[in-house]
Peer 1: 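First the structure, which I've put down as C-alpha cells, then a few questions once you've had a look.
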Amino acid sequence: MIIRKLFKFENAHVVRGCSTVKCRSSVHGHSYKVELLFESNFLDNGQMVYDFGLMKQNMKDLVESFDHAIALWSGDDKEYLEAMKKHSARWVELPVSPSAEQFSRVIFVMIDKLLSLTSKVNGEREVKLHSVIVHETDTGYAQCFKDDAYSKEMGNIDLHEISFSKQIHTDFKDARLWEKILQEESFLNSSSV
C-alpha cells in the first residue's frame with residue numbers, strides 16, 4: 001500500500017544552465033507542493049501504514065526548511081552566494097542546482113535518512129519512502145524514486161554538503177535536528193501526537 005502526505009512551501013532560486021533565459025538569469029520563486037509517498041505491506045496498530053501525525057514533526061521541519069528561503073547551488077558564482085546569504089536570513093545551500101528534479105532528490109535523501117534513523121513504537125513495519133514528488137508549478141513536477149535519489153549520474157547528494165542558515169536551524173522545533181541527522185543519532189517516534 002502507498003500513502004501520500006502533501007507539504008507546501010514558498011521558495012526562490014536560480015536554475016543556472018537551463019534553457020529558459022528567465023529561469024537561468026533571474027532570481028524567481030515558486031509555490032511548491034511536495035508529496036512524500038510511503039509504502040509498506042503491513043499496517044500498524046492503528047491500521048495505518050504510517051500515521052500522518054508523525055509526519056508533522058521532523059519530516060515537516062525538513063521540508064519546510066525551504067519555506068520563504070532562497071535555494072542556492074554551491075557551484076554558483078561565489079559573489080552571488082555571499083550576497084544572497086548576506087541579504088536573506090533563510091537560505092539553503094545545496095550540492096546540486098535547485099531545479100524541481102534536484103529538489104525531489106535532495107528531499108528524498110533527507111527524508112530517507114531521517115526515516116532510517118527513526119525507531120517506530122506503534123507497530124509500523126517495513127515502511128519505506130516510495131518516492132517524492134515536487135510540484136514546481138500547477139502543470140510541472142518531478143518525481144524521484146530511490147534509484148534517482150542515489151544516482152551518481154544525476155549528481156552526488158551528500159547530506160554533509162547541505163547547509164542551512166542559522167535562522168532555519170533556529171526555526172526547527174529541535175534546533176539540533178540537522179546535526180542529529182548528520183551524526184546519525186537515533187530518533188524515536190512519539191506514542192502520542
Side-chain angles (χ1 to χ4, degrees), residues 7-36 58-114 117 129 132-138 140-144 146 148-185:
F7 297 96
K8 298 178 182 181
F9 64 83
E10 307 295 325
N11 187 272
H13 69 171
V14 173
V15 183
R16 304 289 186 207
C18 72
S19 299
T20 305
V21 176
K22 289 191 290 188
C23 294
R24 72 176 182 232
S25 59
S26 298
V27 175
H28 61 284
H30 298 280
S31 296
Y32 288 91
K33 294 178 186 171
V34 175
E35 295 181 67
L36 304 181
N58 294 328
M59 288 183 192
K60 180 178 181 183
D61 273 358
L62 287 178
V63 174
E64 290 187 353
S65 64
F66 296 98
D67 188 42
H68 284 77
I70 184 159
L72 304 167
W73 171 41
S74 61
D76 209 325
D77 179 80
K78 297 303 175 199
E79 288 182 37
Y80 167 74
L81 295 174
E82 289 171 14
M84 292 300 102
K85 291 177 181 180
K86 179 180 177 183
H87 295 287
S88 182
R90 292 181 58 83
W91 53 264
V92 181
E93 187 172 338
L94 305 171
V96 292
S97 183
S99 63
E101 291 83 349
Q102 295 292 30
F103 261 144
S104 69
R105 295 181 67 233
V106 166
I107 292 169
F108 189 106
V109 172
M110 290 169 47
I111 298 299
D112 192 39
K113 176 54 85 174
L114 176 63
L117 295 171
L129 184 57
V132 172
I133 301 173
V134 172
H135 299 261
E136 189 173 84
T137 65
D138 286 341
Y141 69 86
Q143 184 168 8
C144 174
K146 186 172 188 165
D148 305 318
Y150 298 102
S151 168
K152 301 299 180 204
E153 292 77 21
M154 293 185 192
N156 186 45
I157 297 174
D158 181 343
L159 294 178
H160 292 89
E161 294 178 4
I162 297 173
S163 301
F164 295 101
S165 68
K166 182 179 179 182
Q167 185 62 53
I168 291 174
H169 284 279
T170 301
D171 291 344
F172 286 144
K173 289 179 190 74
D174 177 352
R176 289 192 61 243
L177 173 62
W178 191 241
E179 180 184 342
K180 289 178 180 178
I181 290 171
L182 294 181
Q183 294 178 357
E184 299 193 8
E185 293 183 24

Peer 1: Do Met110 and Leu159 have side chains that get closer than 4.5 Å, going by heavy atoms?
Peer 2: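 Yes, at least one pair of side-chain atoms sits under 4.5 Å.
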Peer 1: Measure the CD1-OG distance between Ile162 and Ser65 for me, rounded to the nearest 0.5 Å.
Peer 2: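 The distance works out to 9.0 Å.
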Peer 1: Are any of the side-chain heavy atoms of Lys33 and Asp138 separated by less than 4.5 Å?
Peer 2: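 In short, these two side chains touch, coming nearer than 4.5 Å.
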Peer 1: Looking at Glu79, I want to see if its CD is surrounded by more than 12 non-hydrogen atoms of other residues, nucleotides or ligands under 6.0 Å.
Peer 2: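 Counting neighbours around CD of Glu79, 12 or fewer heavy atoms of other residues, nucleotides or ligands fall under 6.0 Å, so no.
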Peer 1: In the structure I gave you, are the side-chain heavy atoms of Asp171 and Arg90 within less than 4.5 Å of one another anywhere?
Peer 2: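 Counting from C-beta outward, Asp171 and Arg90 do come under 4.5 Å.
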Peer 1: Indicate yes or no: at least one non-hydrogen side-chain atom of Gln143 is less than 4.5 angstrom from one of Glu35.
Peer 2: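 No - every pair of side-chain heavy atoms lies 4.5 Å or more apart.
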Peer 1: Over 60° means perpendicular and under 30° means parallel, so tell me whether Phe164 and His169 are parallel, tilted or perpendicular.
Peer 2: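 Perpendicular, since the angle between the ring planes exceeds 60°.
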Peer 1: Would you say Ser163 and Trp91 make side-chain contact, with heavy atoms under 4.5 Å?
Peer 2: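 With C-beta onward as the side chain, the pair touches.
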Peer 1: Can you tell if the side chain of Phe66 reaches within under 4.5 Å of the side chain of Ile107, non-hydrogen atoms only?
Peer 2: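 The answer is yes; the side chains approach within 4.5 Å.
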Peer 1: Anything under 3.5 Å between a donor and an acceptor, one on a side chain of residues 68-75, the other on a protein residue two or more places apart or in another chain? List them.
Peer 2:
residue : atom : partner : partner atom : Å
Ser74   : OG   : Leu94   : O            : 3.3

Peer 1: I need the Met59 CE to Glu64 CD distance, nearest 0.5 Å.
Peer 2: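 Between Met59 CE and Glu64 CD, I get 13.5 Å after rounding to 0.5 Å.
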Peer 1: If only atom types and distance count, is the side chain of Gln102 paired as donor or acceptor with the main-chain N or O of Met154 below 3.5 Å?
Peer 2: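 Answer holds: yes.
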Peer 1: Would you compute the distance between atom CG of Asp76 and atom CZ of Arg16 and round it to the nearest 0.5 angstrom?
Peer 2: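 One gets 4.0 Å once the value is rounded to the nearest 0.5 Å.
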Peer 1: With sequence neighbours left out, write down each residue that passes salt bridge (charged side-chain N to carboxylate O under 4.0 Å, His left out) with Glu179, or none if nothing qualifies.
Peer 2: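 Here the qualifying residues are Arg176.
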Peer 1: Closest heavy-atom contact between Phe7 and Val63?
Peer 2: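 Scanning both residues completely, I find the closest heavy atoms to be CB-CG1, 3.7 Å.
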Peer 1: Check the pair Ser31 / Lys8 against side chain to side chain contact (heavy atoms under 4.5 Å, CB included), numbers first and verdict last.
Peer 2: CA-CA 7 Å; Ser31 296; Lys8 298 178 182 181; over 6 Å; no
Peer 1: Please check: side-chain N/O of Thr20 versus main-chain N/O of Lys22, any donor-acceptor pairing under 3.5 Å?
Peer 2: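 Checked: no pair found.
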Peer 1: For atom NZ of Lys173, decide whether the heavy atoms of other residues, nucleotides or ligands shown that lie under 6.0 angstrom number more than 12.
Peer 2: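 Correct, the count exceeds 12.
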Peer 1: Once you round to the nearest 0.5 Å, how far does OH of Tyr32 lie from NE2 of His13?
Peer 2: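 Here the interatomic distance stands at 3.5 Å.
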Peer 1: Start with the C-alpha distance between Leu117 and Glu185, add both sets of side-chain angles, then the distance that settles side chain to side chain contact (heavy atoms under 4.5 Å, CB included), and finish with yes or no.
Peer 2: CA-CA 7 Å; Leu117 295 171; Glu185 293 183 24; over 6 Å; no
Peer 1: Between Asn11 and Asp67, is there a donor-acceptor pair closer than 3.5 Å when you use the side chain of the first and the backbone of the second?
Peer 2: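 Side chain of Asn11 to backbone of Asp67: no pair is present.
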Peer 1: Please work out which of the three classes, parallel, tilted or perpendicular, describes the rings of Tyr141 and His135, given edges at 30° and 60°.
Peer 2: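 The rings of His135 and Tyr141 sit tilted, inter-plane angle from 30° to 60°.
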Peer 1: Can you check whether Leu129 reaches Lys146 side chain to side chain, under 4.5 Å on heavy atoms?
Peer 2: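 In short, these two side chains do not touch, never coming nearer than 4.5 Å.
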Peer 1: Can you find a side-chain donor-acceptor pair between Ser165 and Gln167 that sits under 3.5 Å?
Peer 2: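 Their side chains do not contain a donor-acceptor pair, so the 3.5 Å distance test is not met.
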Peer 1: Give the C-alpha distance, both sets of side-chain angles, the deciding distance and a yes or no for side chain to side chain contact (heavy atoms under 4.5 Å, CB included) between Phe108 and Ile157.
Peer 2: CA-CA 10 Å; Phe108 189 106; Ile157 297 174; over 6 Å; no
Peer 1: Donor-acceptor check, side chain of Arg24 to backbone of Val15, threshold 3.5 angstrom: yes or no?
Peer 2: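 Checking the backbone N and O of Val15 against the side chain of Arg24, no donor-acceptor pair under 3.5 Å is found.
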Peer 1: Do you know the tightest heavy-atom contact between Gly140 and Thr137?
Peer 2: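 Closest pair (atom of Gly140, atom of Thr137, distance): N-OG1, 2.9 Å.
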Peer 1: For the pair Leu62 and Ile181, evaluate side chain to side chain contact (heavy atoms under 4.5 Å, CB included) and give the outcome as yes or no after the intermediate values.
Peer 2: CA-CA 11 Å; Leu62 287 178; Ile181 290 171; 3.8 Å; yes
Peer 1: Kindly say whether Asp158 contributes a backbone atom to a donor-acceptor pair with the side chain of His160 at under 3.5 angstrom?
Peer 2: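 Not a single qualifying donor-acceptor pair exists.
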Peer 1: Is it the case that the side chain of Arg105 and the backbone of Ala149 share a donor-acceptor pair, with hydrogens and angles ignored and the cut-off at 3.5 Å?
Peer 2: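 Answer holds: yes.
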Peer 1: Any side-chain heavy atom of Trp178 sitting closer than 4.5 Å to one from Ile168?
Peer 2: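 Side chain of Trp178 against side chain of Ile168, heavy atoms only: no contact under 4.5 Å found.
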Peer 1: Output yes when a side-chain donor or acceptor of Thr170 lies under 3.5 Å from a complementary backbone atom of Lys166, and no otherwise.
Peer 2: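 Yes: the side chain of Thr170 pairs with the backbone of Lys166.
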Peer 1: How long is the straight-line distance from CD1 of Ile111 back to NZ of Lys60, given to the nearest 0.5 Å?
Peer 2: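 Here the interatomic distance stands at 13.0 Å.
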Peer 1: Keeping the roles fixed (side chain from Asp174, backbone from Asn58), state whether a donor-acceptor pair exists under 3.5 Å.
Peer 2: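 Checking the backbone N and O of Asn58 against the side chain of Asp174, no donor-acceptor pair under 3.5 Å is found.
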